[in-house]
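Below you'll find the structure, written out as structure tokens, and then a few comments.
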Amino acid sequence: MALGMSVLDERTFAPSAAGQAVPRWRRRPWFLPEGRRLSDEVWRQRHRGLTWLLWAHLPALYLFALIRGYSPASGVLQVAVLALPAGIAMISRFSREVRSASTSVGLVISASVLVHLAGGSIEAHFQFFVVLAFLTLYQAWLPFLLALVYVVIEHGVVGAIDPSAVFNSAADVAHPWKWAVIHGGFVLAAAFANILSWRLTEQEALHDGLTGLPNRVALLESLAKTLEGRGRSSTAVLFIDLDNFKDANDAFGHHVGDELLIAVSQRLARQLRVGDVLARLGGDEFAIVLNDLTRPDDAQITAERLLASLDEPVCIGEVALSAWASMGLAYADCDTTAPDLLRNADLAMYEAKRNGGGRVAEYQPTLHSAALRRTELEAELRVALERGEFELHYQPIIDLASQRMVGTEALIRWQHPIRGLVLPLEFITAAEQSGLIVAIGAWVIRTACAQTAVWQEGSPDRAPLTVAVNLSPRQLIDRTLVATVAEALHDSGLDPSSLCLEITEGAVIKDFETTMPTLNALRTLGVSLALDDFGTGYSSLSYLKQLPVDSVKIDRSFVADLETDNPNAQIVLAIIELAHALGMSVTAEGTETHGQLDTLRAMRSDHAQGYLLGRPMSGTALTGVLDADPIHVGGLQAQRPGQADGASAAT
Ligand code: C2E
Ligand code: MG
Ligand code: MG
């Protein structure tokens, strides 16, 4: 809260809602509301309530007139005047302004009727206070001021013509206009608390509660006004997202996260010039409207300066935290709207993140088309899942000692109606980003378990085939994963020991706290875990020791160089020995040649997988291979040069 205020107060000029500098003397006092337009829905609700209040005055005042001794007919005359504004307020073809003004005038007239019926009694005047307070609910100056002016004029005019109708003291009657103004002043003073609350509601709607900075709504409004004016050619938007905020929040708690956000907003604010608008969009996202840029690289220089300002760690209590940010920069051109410009800066920020974070990226139109493509792809994937366009292919995994196929790895394929067979690398990332991977992954687990159970039943005389299923990072943090796996095992009847789930180091390390309990729960179910693509990620030995995995899959990039690159061969050997020392088995991925296979066997790798031993193939193709040679499939192929790919149905 304090920050927003201090940023404004320290300067002679502050960004107005229009995003332009306004001299201090022309600024609205801080306690007065701007009078922002309520949304149609909210206005309708409030107007309906106030108009019903007005209608309710008719019978109430009529009853009061009878009590005060008026005849039934003259009682009607006293209150009939209210029917006109109450009626106008209900006609929907009139504008909001006309209808609010009508209700407001009607209510204030009802107060004067009450005073009149009460013979100018001072207690009856309290009704004006009540009405004016109610009218602040419109959050608009017109109905409020109209009612206020009415109070003054009515007391002045009627007080001069028929003093007993409005006043009941000699002083009032002697100076009707003086007392009319005093009445107005008191009514205004009595409504002041409501005016302040109206002001605070506006403040809340436009500001972020934590940092006190303008929020997204305020930023977009201010930007729209700048673009409408002359600022178009000299305006840029910088979208900022903290790279490590979630980690800090998870590791040290929300209060430290909040302090970090406040500290970051203060640092950013200090770097800005008069007229720039800094806003917090939510979470760890900020945006800055850079106005009045004169040189082409002004915005870039400012962005670099902002990045540098975050370099120094932020100290929160005992904790020193570094805040890295990714920034996206977009310039306004002749027809960009405010939301477009913010979105462009957001796309550029994602590009900065994709390139490793901690940097500034500038918006390019190609980013937009790539984002469109991603959105289309996500929509297509959703439909693909509903229409059953995914299928699983299975790649044999061979035991090097016995030369037998001991299991398969299930690899997803997308049978696209137009593009044909699409490989996972083209769509897994989009499925992951959209969260669809959870549903797709659940289908993979169910299908792989069911298919493997069928194979096991079909070959009762061989050791049960296992199946390895890949899990993406998003699946690992999903709360339903363990239940999904348990259900798939139960439904298929597959023994848990026949299912292996492949995870990557990155996925675990990214969210260690969440994923470790999940991994342990999976192990409790009885399934085994493998570390996929080992060697490409952190390959941290300390993590390897901590992870509850049963096997390690050496990435195919190491296997590819096995015969030509001696250091790589040493690495493979070291991985195998280390894994064995930790009680884990090893599978070498991407085995393509007999030389590689011999070397792996000599290095005592347990299993191998690769085109040499069998390509990924459809379930039907693998059933055919199993039927033809149920014992030695895969292992035998590897022994016969030239026959490996031909024997299996290549994808
Ligand atoms: P991965 O888990 O490392 O799977 C091995 C990849 O290497 C597969 O690619 C496989 O076709 C390919 N491969 C196998 N042997 C050889 C070889 O000898 N030479 C070469 N050059 N490549 C070989 P694919 O099927 O395109 O899958 C790529 C990646 O997509 C997988 O890598 C895995 O990370 C991911 N993926 C596949 N299916 C799924 C799935 O159902 N869920 C998730 N989350 N990811 C999946
Ligand atoms: Mg894999
Ligand atoms: Mg792999």
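Counting convention: from 1, in listed order, for ligands and their atoms alike.
- H490 NE2: 12 or fewer foreign heavy atoms inside a 6.0 Å radius.
- Within the structure, ligand 1 has E409 among the residues with a heavy atom less than 4.0 angstrom away.
- The proximity of T504 to ligand 1, defined as any non-hydrogen pair under 4.0 Å, does not occur for either the backbone or the side chain.
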>> Using the rule given for side chain to side chain contact (heavy atoms under 4.5 Å, CB included), can you reason through L465 versus M405, listing the C-alpha separation, both sets of side-chain angles and the distance that settles it, and then say yes or no?
In response: CA-CA 8 Å; L465 270 192; M405 176 165 87; 4.0 Å; yes

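- Between E426 and R419, at least one side-chain N (NZ, or NE/NH1/NH2) sits under 4.0 Å from a carboxylate O, which counts as a salt bridge.
- Across the listed options A410, P424, A507, A608, P424 owns the non-hydrogen atom lying nearest to atom 27 (O) of ligand 1.
- Checking atom 3 (O) of ligand 1 against the protein gives a heavy-atom contact under 4.0 Å.
- The local environment of CD in E563 is crowded, with over 12 non-hydrogen atoms from other residues, nucleotides or ligands closer than 6.0 Å.
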Considering only distance and modelled atom types, tabulate donor-acceptor pairs under 3.5 Å from the side chains of residues 344-359, sequence neighbours left out.
residue, atom, partner, partner atom, Å
E351, OE1, R354, NE, 3.4
E351, OE1, R354, NH2, 3.4
K353, NZ, D241, OD1, 2.9
K353, NZ, D243, OD1, 2.6
N355, ND2, E351, O, 3.2
R359, NE, N355, O, 3.2
R359, NE, G357, O, 3.2
R359, NH2, N355, O, 3.0

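- Near G590, with a cut-off below 4.0 Å to any heavy atom, the atoms of ligand 1 are 16 (C), 17 (C), 18 (O).
- Under a 4.0 Å heavy-atom criterion, R413 is in contact with ligand 1.
- Two residues are said to be in side-chain contact when any heavy atoms from C-beta on lie closer than 4.5 Å; E285 and I240 fail this criterion.
- At a heavy-atom distance under 4.0 Å, only side-chain atoms of R556, from C-beta outward, approach ligand 1.
- Ligand 1 is never approached by G441 to a heavy-atom distance shorter than 4.0 Å.
- In this structure, the side chains of I576 and D606 stay at 4.5 Å or more apart for every pair of heavy atoms.
- Residue-ligand proximity, E592 to ligand 1, at heavy-atom distances under 4.0 Å covers atoms 17 (C), 18 (O), 19 (N), 20 (C), 21 (N).
- The heavy-atom pair separating A439 from L385 by the smallest distance is CB-CD2, 3.5 Å.
- Taking the N/O/S atoms of E409 in turn, the shortest distance to the Mg ion (ligand 2) belongs to OE2.
- Note on ring orientation: taking the six-membered ring where Trp is involved, the planes of W414 and F427 are perpendicular (angle over 60°, cut-offs 30° and 60°).
- What sits closest to atom 5 (C) of ligand 1 on the protein, heavy atoms only, is E589 OE2, 4.1 Å.
- In I412, the parts holding a heavy atom less than 4.0 Å from any atom of ligand 1 are both the side chain and the backbone.
- Ring centroids of F245 and W324 are separated by 6.0 Å or more, keeping the two rings apart.
- Here the heavy atom of the protein found nearest to atom 34 (O) of ligand 1 is N470 OD1, 4.3 Å.
- In the vicinity of V444, heavy-atom distances shorter than 4.0 Å reach the ligand 1 atoms 41 (O).
- Between the side chains of S402 and D399, at least one donor N or O sits under 3.5 Å from an acceptor N or O.
- Of the candidates Q609, Q596, Q395, the one placing a heavy atom closest to atom 15 (N) of ligand 1 is Q395.
- Nearest protein neighbour of atom 29 (C) of ligand 1, counting heavy atoms only, is L425 CD2, 3.8 Å.
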Let me check something: any side-chain donor-acceptor pairs from residues 440-450 under 3.5 Å, sequence neighbours excluded? List them with distances.
residue, atom, partner, partner atom, Å
W443, NE1, T447, OG1, 3.4
T447, OG1, W443, O, 2.6

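- Distance check for atom 32 (O) of ligand 1: every protein heavy atom is found at 4.0 Å or beyond.
- Contact annotation for L392 and ligand 1: no heavy atom of the residue comes within less than 4.0 Å of the ligand.
- Protein N/O/S atoms nearer than 2.8 Å to the Mg ion (ligand 3) total 4.
- When non-hydrogen atoms are compared, ligand 1 lies under 4.0 Å from neither the backbone nor the side chain of K553.
- In terms of protein heavy atoms, atom 16 (C) of ligand 1 is closest to Y611 CE2, 3.3 Å.
- Side-chain contact check for N470 versus T504: every heavy-atom pair is 4.5 Å or farther apart.
- Between L622 and P396, the closest heavy-atom pair is CD1-CG, 4.2 Å.
- Within ligand 1, the atoms closer than 4.0 Å to a non-hydrogen atom of D532 are 1 (P), 2 (O), 3 (O), numbered from 1 in the order shown.
- Here P616 has side-chain heavy atoms under 4.0 Å from ligand 1, and that is the only part of it that gets that close.
- Donor-acceptor pairing under 3.5 Å is lacking for the side chains of D495 and Q456.
- One finds a salt bridge joining E502 and K553 here, because a Lys/Arg side-chain nitrogen approaches an Asp/Glu carboxylate oxygen to under 4.0 Å.
- By the side-chain hydrogen bond (donor to acceptor under 3.5 Å, both in side chains) test, R523 pairs with D550, sequence neighbours left out.
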